[in-house]
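Everything below concerns the one structure shown next.
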Amino acid sequence: MTRPASAAWWQRVFDAADRALELEPPERASFVEQCRVDDAALGAEVAALLAGAEAAPVLDTPAAEIAAPLFDEPVVPNLAEPRSRFGPYRILRELGRGGMGAVYLAERSDDQYEKRVALKVLPAWSAGDDRRVQRFLDERQILAALDHPDIARLLDGGVTPDGLPWFAMEYVEGIPVDRYCEEQRLSVEARLELFCRVCAAVQYAHRNLVVHRDLKPANILVTAEARIKLLDFGIAKLLATELQAGASLTATSERLLTPMYASPEQIRGDPISTATDVYALGVLLHLLLTGTDPYRLSTGQQHEVIHAVLEREPEPPSVAILRTGGDGTAAKRARRLRGDLDAIVLRALEKDPARRYGTAEQLEADVRHHLTGLPVAARTGSRFYQTRKFLRRHRWGVALTAAVALLVVGFAAVTAVQAARIALERDRAEEFIRYLSNVMRNAVPSPGQGRTATSREVLDTSASRVERDLSVQPDVRARVMFEMGSAYRDLAIYDRAQNLLEATVVLRRRLLPAGPRELARTLDALGGVLFQRGQLDSAARMYDEALAIRRRLLGRSHGDVARTLVGLSAVRRAQGRLREAEATSREALEIDRARSDAYADVAQSLRGLGHVLLDQAKYPPAESLYTEALSLLRERPGDSTEVAASMIDLAGALRGQGKTAAADSLLRYGLALYRRVAPAATLTIPLAPEVARIPASTGGAAPLRHFDSKIAFVTDRDGPDPIGHLGNSEIYVMNPDGSDQRRLTVHEGIDNQPAWSPDGKRIAFSRGLGTGIDVFVMNADGSEQTRVTHLTDTDVGGGLSPTWSPDGMRIAFQSFVQPDIYVINVDGTGLRNLTNHPARDFQPAWSPDGSRMAFLSNRDGRPEVYVMNADGTAPVRLTVNAQSSEGTPRWNPSPTWSPDGTKIAFASDRDGDQEIYVVNADGTGLTRLTFNPSQDGYPSWSPDGRQIVFYRRVLGHAQVFVMGADGGNVTRLTELSTVSFNAWPSWSPRLSATRPR
Amino acid sequence: MNDEHDITGLLLAWRAGDQDALDRLFPLVYDALRGIAHRQLRGEQPDRTLGTTALVHEAYLKLVDQTKVQWTDRGHFFAVAARAMRRILVDQARRRGALKRGAAPKRVSLTDFPVAIEERADTLIALDEALTELAGVDERLSQVVECRFFGGLTEEETAEALSVTARTVRRDWTKAKGWLQRALQ
């Protein structure tokens, strides 16, 4: 990078920037403008400087955190070093080096076969762990048995005496399959043929019970002879056991899988099956057909990918191709992909593995059906065909995160329609999300004001702010107001919805040359709101204008035109202009029927026309329309409110024909269903007039459940990032079934490790203060947060990991700099060092009867669980091999006592993954409770000793789970959609029953 | 420990006006901090309990005799430690990213978080080089980056380290970020 500008020039720029930074944002902008006027170059540089400062989030992460994985990896041997032989192989040269070790070109030095191999050398284990070596060798046996011409053979492998694992694989020279298809400019048919061969190879492995787990183009090569070769079969599994030993979490997650190809169950840590490979094949097929990923990701950031894979619908290839093709053939290719291929790809990408093709063979078979012109199972079996719309959450009293999720999801659904202006979209999208989440974050009330932020409160605060805020780009502001107006509409708060949508219309009219589609959409939405409020003439005007715009822009047969027609027909009905209403809804239905894959919209049009016919007492045709609509709606998951409403509609049509018995039972069923899925009082779905007179019941609200204990935990979900959250760690409290999650702390630093006092009235926790960490105590409702230890600026360095004495008067904790177990009175007096041992002692846990303390210590070399008297005497070791590695444990063994004081639960990675174990307090009866490839830790017992809460960590996020004390009935308590870090759960003792909630 | 005495003594000497003290201070701090960094950054701490910014603070606790120094010396220590951290991290990055020597310099982004090992190494190396260039334009800006980014210090601590106000640090940080972002495009 060349900087022609001198230091003097930059001083001028910096001086101007200083003056700009003294001003508030509105004045700052005009100051910069003034600079531009005075000196164009200077002004431009200052503007760029200020903008650049906003666009460098990497600098806001401490460098040490970025650098951490660089320290983590042991040095992989170079050629220059003595090691150049592995088994019978001799290294010729290095082929590449990546996160998972190095790959070399090697040959057999015993001249037996003279075959060239690719030798993969992995990061070193701690030496001499027989268990792990054996497991590695066993796996290798299975993989070596795979013998297929399209699969690169695993030839050999082993572990050197000093602990370096290695594989020798058939050496394949080729290019990744996606690049091959591009370079050869293969037709769709040719690509599909290639894909079928890949499927066949994968299927062979599946038949031998080997799942690849890491299928991606880099692992699927095409050789010079146009042969397919699949690499690294099952290696991911072998490496999984490997990496836990040596790596920090971020290193693990980045090396273990390519997130884009990871299936939802892999991300969630659920069991892997052959359907996991099917998912990856789906991503691959999407790539080969469209050149892009299924989720339209703009950054490659891991949490964005994770969120997309778990929560967002994949984009059908026929739609995706329209964005990537720039050569005018996009429309033709889209037609080629629409239908069969869309259905096949989407079925392979189903979030639920049970809904995908079960095996690669089935996937291949369907592709071949398409190639030979036979019906494709993914389409004909209606059971398999899904179009799932985003569900807007209607519930009242939902906490902040749900409100943000609602708006972000709404936004994502909106952008799914925009085909052109991609680059601008992306910039605007980021700006939108940033602005929106900023606004919403500032709308969260602090705990002192009443802890639960309902959707309503947040929306109200944010909406009024947005309406006043002129500093943001008008089209971004318009979009935010549109989304908020739509959210209000979904919550049936029509007056606010109307205000916001009207303001949006005004803005969008001003921006008209740029976005007639947005204007049409807003008009359509506003029409719906005005209809709900009974302002029929105005509603009709909105719909008319939206209709005109849409017909002109999109043509008369577009789905959006049909939607507006449906809305307009409802207005005409309400005005009593039935002939017009009928004509309008017939037109809508005709349009929808002609579209492919518009089942949900067809259902809506059918019902709309049915309502008009019902009004005219034409019951038999209304009945057949409603029947058809109902059968379409029943196929789709979600949106049960529409199913219920359709049943009620049909009941009306039956009653009109005198079929009262059938009508009555259908009506009863429909009403019951409706009450169950939409407990809020307002019915927002249009019903035929007869049934609209039936009041929706507000009764039957779920009875208030009483809980006698709570679970405290830590989460970073309240961060500014709408997807990955990434906030400070705060302490939350929830019911043992995961409901009513409320935040207790608000702090700039890190609040962690909550511990309930034995009377359940207070919670001790550790708080990171920037310079150190100390123990704090607060009431169980978050009030009166007081500092107990003041060790941050002393030799002791700080305190963490607190645990209470049974009388609630003292707290034991671990010191920070030279970890020892200390004890202190809750009022801050009486600090005493209990262990005073040169080795590291940490994570103390006071026994329920107060006589003993469990803790971790590495005084015998490795960290093990110990028990000592509560005065620090007579420490006794309980476990052997609690932690498989030396030094401070990577994870938290965090021993914890059962309420009856007979058992201790803790976490250990002795068997490979971090799992939860239980041992008797005398050291006997070690039992393993969890069996799951993800990391489980930090157990805490329920007051009746029958359950254990813990957290589970997978690929960059963590969730709180609960299970029976025998390890059965594992249930998740926190929402996956938060994709944040939810951890360190602590179960309270039995609380007094008079808690009002 | 002898080292501890030396470091404390050197801080005092520096305060008393001995300019050489800084030169002798740096290698001691560097060595000590490198040991701490290697241990801490290899994931030994329970994750997310403590930020990696605790490194400099832990070093301060361990290396400096608190009974002998004043708070101004803490600021000086932080300044030296931040510079040492920069060297330590960049050296490690060079060691790990070593193999692509001779290849064209990579393009590094400050908007997307570097995930793979190579990307992390390249980012740190590129920032180091850009920072050297920035020092030629405005030395304090590069020091602010050293303190905030490499040292992980807060605004207040940076202000302490560089003997300026926190407001100045805040403005400098913005200007430096903007400059670096432009420089690396």
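Keep in mind that this is a model prediction, so the values were computed, not measured. Residue numbers start from 1 in every chain, and the chains themselves are labelled A, B, ... in the order their sequence lines are given, proteins ahead of strands.
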- Task: Might you work through the side-chain contact (heavy atoms from CB on, under 4.5 Å) test for A:L21 and B:R170, ending with a clear yes or no?
- Result: CA-CA 9 Å; A:L21 287 169; B:R170 198 171 314 137; over 6 Å; no
- Please name all residues satisfying side-chain contact (heavy atoms from CB on, under 4.5 Å) with B:T165, sequence neighbours left out, ordered by chain then number.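 In terms of side-chain contact (heavy atoms from CB on, under 4.5 Å), with neighbours along the sequence ignored, B:T165 is linked to B:R167, B:T168.
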- Message: If the condition is salt bridge (charged side-chain N to carboxylate O under 4.0 Å, His left out), which residues does B:D138 pass it with, not counting sequence neighbours?
- Response: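 In terms of salt bridge (charged side-chain N to carboxylate O under 4.0 Å, His left out), with neighbours along the sequence ignored, B:D138 is linked to no residue.
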- Message: Can you tell me which residue among B:L134, B:V137, B:L141 is in a side-chain contact (heavy atoms from CB on, under 4.5 Å) with A:W10?
- Response: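 Of B:L134, B:V137, B:L141, side-chain contact (heavy atoms from CB on, under 4.5 Å) with A:W10 is met by B:V137 alone.
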- Close side-chain approach of B:R148 to A:L59, heavy-atom, < 4.5 Å: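 No, every pair of side-chain atoms sits at 4.5 Å or beyond.
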- Message: Using every non-hydrogen atom in the two residues, find where A:A67 and B:L89 come nearest and quote the distance to one decimal.
- Response: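 Nearest pair, atom of A:A67 first, then B:L89: CB-CD2, 3.6 Å.
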- What are the two closest non-hydrogen atoms of A:A7 and B:G136, and how far apart are they?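 Distance-wise, the nearest heavy atoms are CB-O, 4.2 Å.
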- From B:D172 CG over to A:D18 CG, what is the distance, rounded to the nearest 0.5 angstrom?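 That separation rounds to 7.0 Å.
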- Rounded to the nearest 0.5 Å, how far does CG of A:L49 lie from NZ of B:K175?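 With rounding to 0.5 Å, NZ (B:K175) is 8.5 Å from CG (A:L49).
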- Item | Side-chain donor/acceptor of B:Q181 to backbone N/O of A:A56, under 3.5 Å |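 Such a contact is absent between B:Q181 side chain and A:A56 backbone.
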